[in-house]
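Remarks on the structure that follows.
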Amino acid sequence: MILEALQYAATRTVTPKEFRPHIRYSVNLWARANRCAKAWAEHENNSRQFVLQSARKLKQRRTAVVLGSGLLRDVPYDALVAMLDTVVLVDLVHLASLQAKLRLNAKKNVRIANRDLSGFDEILAGKEAEPLDFLRRVPYLDLVVSANLLSQIGTGAYHRLEREKITNAPDDLLPKLIQTHVDALAGLPCKACLVTDTSFDVIGKDGSQQQHEDLLHGIQISSPTAAWEWPLAPLGEESRDYRIVHHVIARELT
């Protein structure tokens, strides 16, 4: 708890005010990732290898943008920094410990940006959501990675609806947000690759499925190149009676 408190306090000082409400989630994720490092290792390696394979196909290696860069555990950060002229990391929050690591980058070719990538506010205001339109203004863009972000767009929107007691949201808000992200990636003039969890199962100690949830709210990602399981919460992490396993897919959209 002491380390989490220090991480929170340090991150708060380097995070723009409008994004500070999201720090707690990022710190909690960081703490869980540390506790579950062994269980998450295969998932993180699979994610990194898929992104790296996509990057190696690039004819030009100028700029890459990582959407949902998070803790950088599931992104081949060192390889991308070495391969490309510029790497841009985009997320709601960048932890202070991560920012300290970035400052050690000898090439000085990494940029960070705090940004809401969901499109939630635009759709709620009755506007057309274009949360990735900023990519049009990124010069020499050769690669965009959506890194275990897609499901969080829907989950974050659901929790915001509950927390803020929003009652005027369209019925199809969650699938619309998810489809908007997928369509925006697929419409990019550069290579775009997607890694996302699509659903999860709650599994009892006896191996029985106690719960199944669709994290993409009915949106299908066709023809994935790879698929694997991510033991997000091993037995004992949330309960002694069950574990939670997420199902992950990866594919290039362009």
Side-chain angles (χ1 to χ4, degrees), residues 1-15 19-52 66-81 87 89-105 110 112-115 117-118 145-156 159 193-203 213 215 226-240 242-250:
M1 292 297 292
I2 294 176
L3 290 177
E4 284 100 324
L6 292 173
Q7 181 78 277
Y8 181 92
T11 301
R12 195 174 190 279
T13 65
V14 295
T15 301
F19 297 102
R20 288 175 184 169
H22 304 287
I23 296 175
R24 177 59 59 194
Y25 171 81
S26 294
V27 172
N28 289 343
L29 181 64
W30 170 77
R32 171 172 281 190
N34 289 334
R35 290 193 305 271
C36 302
K38 184 176 180 180
W40 288 18
E42 184 176 357
H43 158 68
E44 292 171 345
N45 183 62
N46 287 342
S47 295
R48 289 192 299 266
Q49 290 303 314
F50 179 79
V51 173
L52 188 56
V66 181
L67 307 174
S69 51
L71 306 178
L72 283 183
R73 296 174 63 106
D74 50 6
V75 176
Y77 166 77
D78 291 330
L80 292 179
V81 168
V87 177
L89 308 177
V90 185
D91 214 329
L92 289 167
V93 172
H94 305 274
L95 293 178
S97 59
L98 175 64
Q99 294 194 43
K101 174 183 177 180
L102 300 182
R103 286 194 289 272
L104 297 176
N105 168 27
V110 179
I112 64 171
N114 298 86
R115 182 178 285 270
L117 297 166
S118 70
V145 179
S146 177
N148 290 295
L149 166 68
L150 186 61
S151 67
Q152 292 305 303
I153 290 175
T155 300
H159 289 314
C193 60
L194 169 72
V195 181
T196 184
D197 44 350
T198 59
S199 63
F200 72 82
D201 296 320
V202 178
I203 303 171
E213 294 291 339
L215 291 169
W228 61 86
E229 292 186 348
W230 173 18
L232 181 80
L235 198 65
E237 171 63 20
E238 287 198 1
S239 170
R240 299 177 182 176
Y242 64 80
R243 57 191 174 92
I244 301 176
V245 177
H246 284 227
H247 303 281
V248 182
I249 61 97

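Predicted model, so just to flag it, every value in this text is computed and none were measured. Start at 1 with the first residue, then count along the sequence.
Among all heavy-atom pairs drawn from S146 and L150, the shortest one is OG-N, 4.4 Å. Residues S47 and D74 come closest through the heavy atom pair CB-O, 3.3 Å. For the residue pair Y25 and Q152, the shortest heavy atom distance occurs at OH-OE1, 3.0 Å. Residues A33 and R73 share a closest heavy-atom pair of O-NH2, 3.4 Å. The two residues C36 and L232 make their nearest non-hydrogen contact at SG-O, 4.1 Å. Residues I23 and V93 approach most closely at N-CG2, 3.9 Å, considering heavy atoms.
Using a 4.0 Å cut-off between charged nitrogen and carboxylate oxygen, R243 and E237 do not count as a salt-bridge pair. R24 and E4 are not joined by a salt bridge, as no carboxylate oxygen comes within less than 4.0 angstrom of a charged side-chain nitrogen.
Between S199 and E213, the closest side-chain pair of non-hydrogen atoms is not below 4.5 Å. Between T198 and V248, every side-chain heavy-atom pair lies at or beyond the 4.5 Å cut-off. A 4.5 Å side-chain heavy-atom check between I244 and D201 finds every atom pair outside the cut-off. Using a 4.5 Å cut-off on side-chain heavy atoms (C-beta onward), I112 and Q99 make contact. The shortest distance between side-chain heavy atoms of L102 and H94 does not fall below 4.5 Å.
Note that the CZ atom of R48 and the OH atom of Y77 stand 14.5 Å from one another [nearest 0.5 Å]. One finds the CG atom of L3 at 10.0 Å from the OG atom of S97 (value rounded to the nearest 0.5 Å). In this structure, OG in S26 is found 10.5 Å from OH in Y8, a value given to the nearest 0.5 Å. Considering OG of S69 and CG of L149, their distance stands at 9.5 Å, rounded to 0.5 Å. To the nearest 0.5 Å, atoms OG1 (T11) and CG (L98) are separated by 9.0 Å. Rounding to the nearest 0.5 Å gives a distance of 6.5 Å between CZ of R32 and CH2 of W40.
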For this session: Just do the side chain to side chain contact (heavy atoms under 4.5 Å, CB included) check on V90 and V66 with the steps written out, would you?
Result: CA-CA 6 Å; V90 185; V66 181; over 6 Å; no
Problem set entry | N46/V195 under side chain to side chain contact (heavy atoms under 4.5 Å, CB included): CA gap, chis, key distance, verdict | CA-CA 10 Å; N46 287 342; V195 181; over 6 Å; no
For this session: For the pair H247 and D197, evaluate side chain to side chain contact (heavy atoms under 4.5 Å, CB included) and give the outcome as yes or no after the intermediate values.
Result: CA-CA 5 Å; H247 303 281; D197 44 350; over 6 Å; no
For this session: Run the numbers on L215 and F200 for side chain to side chain contact (heavy atoms under 4.5 Å, CB included), then give the verdict.
Result: CA-CA 7 Å; L215 291 169; F200 72 82; 3.8 Å; yes
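Within a 6.0 Å sphere centred on CG of L104, other residues, nucleotides and ligands contribute more than 12 heavy atoms.
Remark: side-chain polar atoms of N34 are paired, donor with acceptor, to backbone N or O of W30 under 3.5 angstrom. Distance alone, capped at 3.5 Å, is enough to place a donor-acceptor pair between the R20 side chain and the T15 backbone.
Between H43 and W228, the angle of the ring planes lies from 30° to 60°, which puts this pair in the tilted group.
Each of L72, L80, L67, N114 was evaluated against L89; a single residue qualifies, L72, per the side chain to side chain contact (heavy atoms under 4.5 Å, CB included) test.
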